[in-house]
Amino acid sequence: MIGAYRHAVATHCLFVLSVVMVCWSRWIFEPEGWLALLLLFLVLHTVSIYHLLSVMKHRTPGWRWRNIGIALAFVSVVLGAVYYGFMTKDRWLGLHIFYVPSQSMQPTLMPGDFILIDTWAYGNAAPEYGDIAVFTRASRPEYLVKRVSQAPNKTEVATDHYYMTGDNPSHSTDSRQFGTIPRDRLIGPARMVLFALDRQLKPVAGRWLIEL
């Protein structure tokens with residue numbers, strides 16, 4: 001019978017591979033993709049726990065510390081891969097998690113929303129009017145989220161530059177103040193509200209897995 005720690009590593013590798021495949025297929029931007037991952041997570045970990053309990057009585061000296069070391073090493077690798085894939089500028093999974101800090105996109109996006117950004121989308125196709133997109137400005141490194149909009153005077157907009165406005169104009173600093181945004185500053189379109197937290201860091205009811 002396969003050892004408990006080897007079985008745990010194998011099942012976690014299967015889960016990580018599944019996450020990668022769901023991300024690369026872009027199914028991650030649909031609620032069904034998240035539900036499938038949740039179901040797989042529960043099944044794999046239920047099997048792992050059952051297997052672990054079944055072999056506990058056959059453990060050898062040093063079993064505990066050996067397995068703790070392997071588990072810590074594996075968790076470190078997984079967390080590093082997830083951070084690199086979701087949070088860094090390279091984003092090899094093709095998505096980025098963005099926190100909405102302000103009221104500028106109400107009622108579409110609310111303060112406290114965590115949204116998923118498709119970082120591959122604008123590498124293959126041009127932004128379209130109506131897209132909710134995350135971008136940066138040359139003068140400031142912070143991320144902003146606005147809607148790709150029609151400029152008041154189209155003739156004033158340079159090629160591959162986009163006019164970005166908030167859905168809540170009275171509470172939005174956007175292209176009306178800082179001008180258009182070049183395409184290479186667009187990170188990608190928002191595809192989903194993953195979840196939301198209020199000011200007390202409590203989950204907001206009804207604000208999870210909402211497609212945009």
Side-chain angles (χ1 to χ4, degrees), residues 1-59 63-100 109-110 112-125 132 134 145 187-198 201-212:
M1 180 181 289
I2 185 172
Y5 69 93
R6 293 186 181 91
H7 183 273
V9 169
T11 53
H12 281 75
C13 285
L14 178 59
F15 180 72
V16 171
L17 179 61
S18 300
V19 171
V20 171
M21 296 306 297
V22 169
C23 290
W24 286 354
S25 70
R26 320 321 280 159
W27 198 25
I28 195 70
F29 297 117
E30 299 178 20
E32 294 80 4
W34 285 92
L35 294 176
L37 286 178
L38 176 60
L39 179 61
L40 181 62
F41 177 86
L42 293 175
V43 170
L44 288 179
H45 284 75
T46 298
V47 172
S48 293
I49 292 172
Y50 175 80
H51 182 79
L52 178 63
L53 293 175
S54 68
V55 299
M56 282 279 286
K57 58 184 178 181
H58 301 297
R59 61 185 184 272
W63 180 89
R64 176 178 297 178
W65 295 112
R66 179 181 60 189
N67 283 276
I68 288 176
I70 293 174
L72 289 176
F74 183 76
V75 168
S76 299
V77 171
V78 170
L79 291 178
V82 170
Y83 179 83
Y84 184 79
F86 282 75
M87 299 299 183
T88 67
K89 64 180 181 180
D90 299 284
R91 290 181 282 275
W92 64 277
L93 292 177
L95 57 92
H96 182 56
I97 299 176
F98 176 78
Y99 170 74
V100 179
L109 299 176
M110 306 297 290
D113 282 351
F114 287 79
I115 58 177
L116 283 182
I117 309 302
D118 185 348
T119 61
W120 289 351
Y122 293 154
N124 302 316
I132 299 172
V134 171
V145 57
I187 306 301
R191 299 298 194 196
M192 172 183 286
V193 176
L194 186 56
F195 63 93
L197 299 177
D198 62 19
L201 300 181
K202 296 179 180 179
V204 178
R207 299 294 294 176
W208 58 282
L209 300 184
I210 301 173
E211 293 185 84
L212 298 171

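Looking at every heavy atom in both residues, Pro31 comes nearest to Met192 through N-CE, 3.5 Å. Between Ala190 and Leu212, the shortest heavy-atom distance links the atoms CB-CD1, 3.7 Å.
Screening residues 28-41 for salt bridge (charged side-chain N to carboxylate O under 4.0 Å, His left out) gives no qualifying pairs among residues at least two apart or on separate chains. The salt bridge (charged side-chain N to carboxylate O under 4.0 Å, His left out) analysis of residues 19-29, with sequence neighbours excluded, yields the pairs Arg26-Asp118.
You'll find the side chain of Leu95 stays beyond 4.5 Å of the side chain of Ile117, heavy atoms only. At a threshold of 4.5 Å between non-hydrogen side-chain atoms, the residues Ile115 and Ile132 do not count as touching. The closest side-chain heavy-atom distance from Phe98 to Val100 is below 4.5 Å.
Exactly one residue among Thr119, Ile28, Val20 makes a side chain to side chain contact (heavy atoms under 4.5 Å, CB included) with Leu93. That residue is Val20.
Listed for the Asp113 side chain is a donor-acceptor partner under 3.5 Å among the backbone atoms of Met110.
Atoms CH2 and CH2, on Trp34 and Trp208 in that order, are 12.0 Å from each other to the nearest 0.5 Å. Taking CZ of Phe195 as the reference point, atom CG of Leu197 lies at 5.0 Å (rounded to 0.5 Å). Note: Phe29 CZ to Leu194 CG = 10.5 Å, rounded to the nearest 0.5 Å. Interatomic distance, CG of Leu40 versus CG of Leu35, reported as 12.5 Å (0.5 Å rounding).
Taking the six-membered ring where the residue is Trp, Tyr99 and Phe114 present tilted rings, their angle falling between 30° and 60°.
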